[in-house]
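Data first, discussion second: the structure below is written as structure tokens.
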Amino acid sequence: MAIERVAVLGAGSWGTTFAKVIADSGPEVVLWARRQDVASEITETRVNSGYLPGISLPANLAATADAAKALDGADAVVLAVPSQTLRVNLSAWKELLPPDATLVSLSKGVELGTLKRMSEVIREVAGVDESQVAVVSGPNLAKEIAVGQPTATVIACTDHDRAVDLQHACSNSYFRPYTNTDVVGCELGGACKNVIALACGMAAGMGYGDNTMASIITRGLAETARLGAALGADPLTFAGLAGLGDLVATCASPLSRNRSFGERLGRGETLAQAQEAAHGQVAEGVKSCSSIRELAAKHGVDMPITEGVHQVCHDGLSVRELGAALLGRDRKHERQ
Ligand SMILES: NC(=O)c1ccc[n+]([C@@H]2O[C@H](COP(=O)([O-])OP(=O)(O)OC[C@H]3O[C@@H](n4cnc5c(N)ncnc54)[C@H](O)[C@@H]3O)[C@@H](O)[C@H]2O)c1
Ligand SMILES: O=P(O)(O)OC[C@H](O)CO
């Protein structure tokens, strides 16, 4: 089914950027903003200055603070809120969802408490089959895409035809989406890389260079792939855009909120100071390190970097102690 009208719920960095990507690809887009002043600013000036200063949004992108208006007649509903808030937000929108619309998750995280992936939360709250839920994940730093820098991504859905419809709706001269049916692998790649980026940031903040970075990225990918194997993901997904691609972009970029957050901790700032510097924007890994750690324990998977990041963020371990703990572990084979 051709997608002609899309609702994007969440007007933060990625929600606003992805709304622009779709509008630049052809469909009509209505962007829902939690705050009326953000919706009004976009309507009146075509700019969301709080999240994407200087970026002019296209004419086929409308904004509203009324979710019913955004959702009316939508062929696809894109969910662009922080992962730990998805359940509450979606519960409020549930009765307004058009029955056959593709529900698309942009959020990268694992829910605290339930240990569910975002597509699982969507299925549960909206009461839909897995074939109706898609996930977008890849090396997608919003600020680069907003200025039209070339980027690829993955649209994962167990229903390949639905993924292809969505692929058509967001393909343009600067954005190239690939499809994949491995929803589990794509979601785990997106959630876990935030935690690994925190660790890379900590190392950078301590003054360590590229060898340390590459070591954390590679061993971070190894532990992500181990969790994926336990949860039935396709191992090859982790060598793709939603695995290695996103991991490299997030761990290396000063634009990443997770990496920047970790860097502040590495320089000796407290969690509260790093949180204040984020100006209300989410560094998803700070919460997801706990849910991913718990998910790994539940499945008997060893994730030492995730464990260490959790201890730094929530148990008072210092970044120096984390480095020593990781290097002091038992020696082992690379593929264990
Ligand atoms: N920014 C990026 O480059 C990027 C890229 C890919 C994926 N993501 C993922 O997309 C999701 C959204 O990220 P973002 O960058 O748009 O985040 P953001 O912090 O920039 O914006 C979050 C948006 O959600 C809204 N929101 C609704 N309910 C909320 C609540 N209870 N608490 C806080 N905000 C609430 C906010 O008003 C805001 O519009 C995250 O899971 C993130 O990991 C982000
Ligand atoms: O800014 P971050 O760390 O949330 O990362 C943004 C995107 O997920 C990169 O793909």
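Along the sequence shown, the residues carry numbers beginning at 1. Computation of the quantities below employed the complete heavy-atom set of this structure, encompassing side-chain atoms and omitting hydrogens, waters and symmetry-equivalent molecules. Note that the structure is predicted; figures quoted are calculated from it, not measured. Just so you know, ligand 1 is whichever comes first in the structure, and atom 1 is the first atom listed for that ligand.
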- prompt: Any ion pair linking Glu130 and Arg123 (charged N to carboxylate O, less than 4.0 Å)?
  reply: yes
- request: Please determine if Gly12 has a nitrogen or oxygen closer than 3.5 Å to a nitrogen or oxygen of ligand 1.
  value: yes
Proximity of Glu284 to ligand 2 by residue part, where a heavy atom lies under 4.0 Å: neither
- prompt: Among Arg259, Arg257, Gln281, which one has a heavy atom closest to atom 4 (O) of ligand 2?
  reply: Arg257
- line: Nearest heavy-atom contact between Ala65 and Gln36 is CB-OE1, 3.4 Å
task: Answer yes or no: is there an ion pair linking Arg259 with Glu263, defined by an N-O contact shorter than 4.0 Å?
output: yes
message: Distance under 4.0 Å to a non-hydrogen atom of Lys108: what atoms of ligand 2 satisfy this?
response: 7 (C), 8 (O), 9 (C), 10 (O)
- prompt: Considering distance alone, does some N or O of Gly10 sit under 3.5 Å from an N or O of ligand 1?
  reply: no
- request: Could you pull out the closest heavy-atom pair between Thr224 and Phe238, with the gap in Å?
  value: CG2-CE2, 3.7 Å
- request: May I ask you to list the atoms of ligand 1 that are less than 4.0 angstrom from any heavy atom of Gly15?
  value: 16 (O)
task: Show which atoms of ligand 1 fall inside a sub-4.0 Å distance from at least one heavy-atom site of Ala11.
output: 39 (O)
query: Can you list the atoms of ligand 1 that are under 4.0 Å from a heavy atom of Gln281?
result: 19 (O), 20 (O)
- line: In ligand 2, the atoms that come under 4.0 Å of a heavy atom of Ser256 are 1 (O), 2 (P), 3 (O)
task: Could you pull out the closest heavy-atom pair between Lys287 and Leu112, with the gap in Å?
output: O-CD2, 3.5 Å
query: Measuring from the heavy atoms of Gly109, does anything fall under 4.0 Å of ligand 1?
result: no
Residue selection (non-hydrogen contact nearest atom 18 (P) of ligand 1) among Trp32, Tyr51, Trp14: Tyr51
- request: Report, in ascending order of atom number, the atoms of ligand 2 lying under 4.0 Å from any heavy atom of Asp246.
  value: 9 (C), 10 (O)
query: For atom 13 (O) of ligand 1, which candidate among His279, Glu144, Lys108, Arg257 provides the closest heavy atom?
result: Arg257
- prompt: So which bit of Asn258 gets within less than 4.0 Å of ligand 2, heavy atoms only: side chain, backbone, both or neither?
  reply: both
message: Any carboxylate oxygen within less than 4.0 angstrom of a Lys/Arg side-chain nitrogen, looking at Asp302 and Arg329?
response: yes
field: Numbered atoms and elements of ligand 1 in range of Leu141, under 4.0 angstrom, heavy atoms
entry: 3 (O)
task: Please name the pair of heavy atoms, one in Gln149 and one in Thr151, separated by the smallest distance, quoted to 0.1 Å.
output: O-OG1, 3.0 Å
- line: So the ring pair (Phe, Tyr, Trp, His ring centres under 6.0 Å) pairs with at least one residue in residues 29-53 (sequence neighbours excluded) are Trp32-Trp93
message: I'd like to know if Lys108 and Asp246 make a salt bridge, using a cut-off of under 4.0 Å between side-chain N and carboxylate O.
response: yes
message: Tell me whether Arg176 forms a cation-pi arrangement with Tyr178, defined as NZ or CZ under 6.0 Å from the six-membered ring centre and within 45 degrees of its axis.
response: yes
- request: Could you say whether the N/O atoms of Ala142 and ligand 1 ever approach to under 3.5 Å?
  value: yes
field: Proximal atoms of ligand 2 relative to Gly138 (non-hydrogen, under 4.0 Å)
entry: 10 (O)
message: Using heavy-atom distances only, which candidate in Thr17, Leu106, Leu79 approaches atom 10 (O) of ligand 1 most closely?
response: Leu106
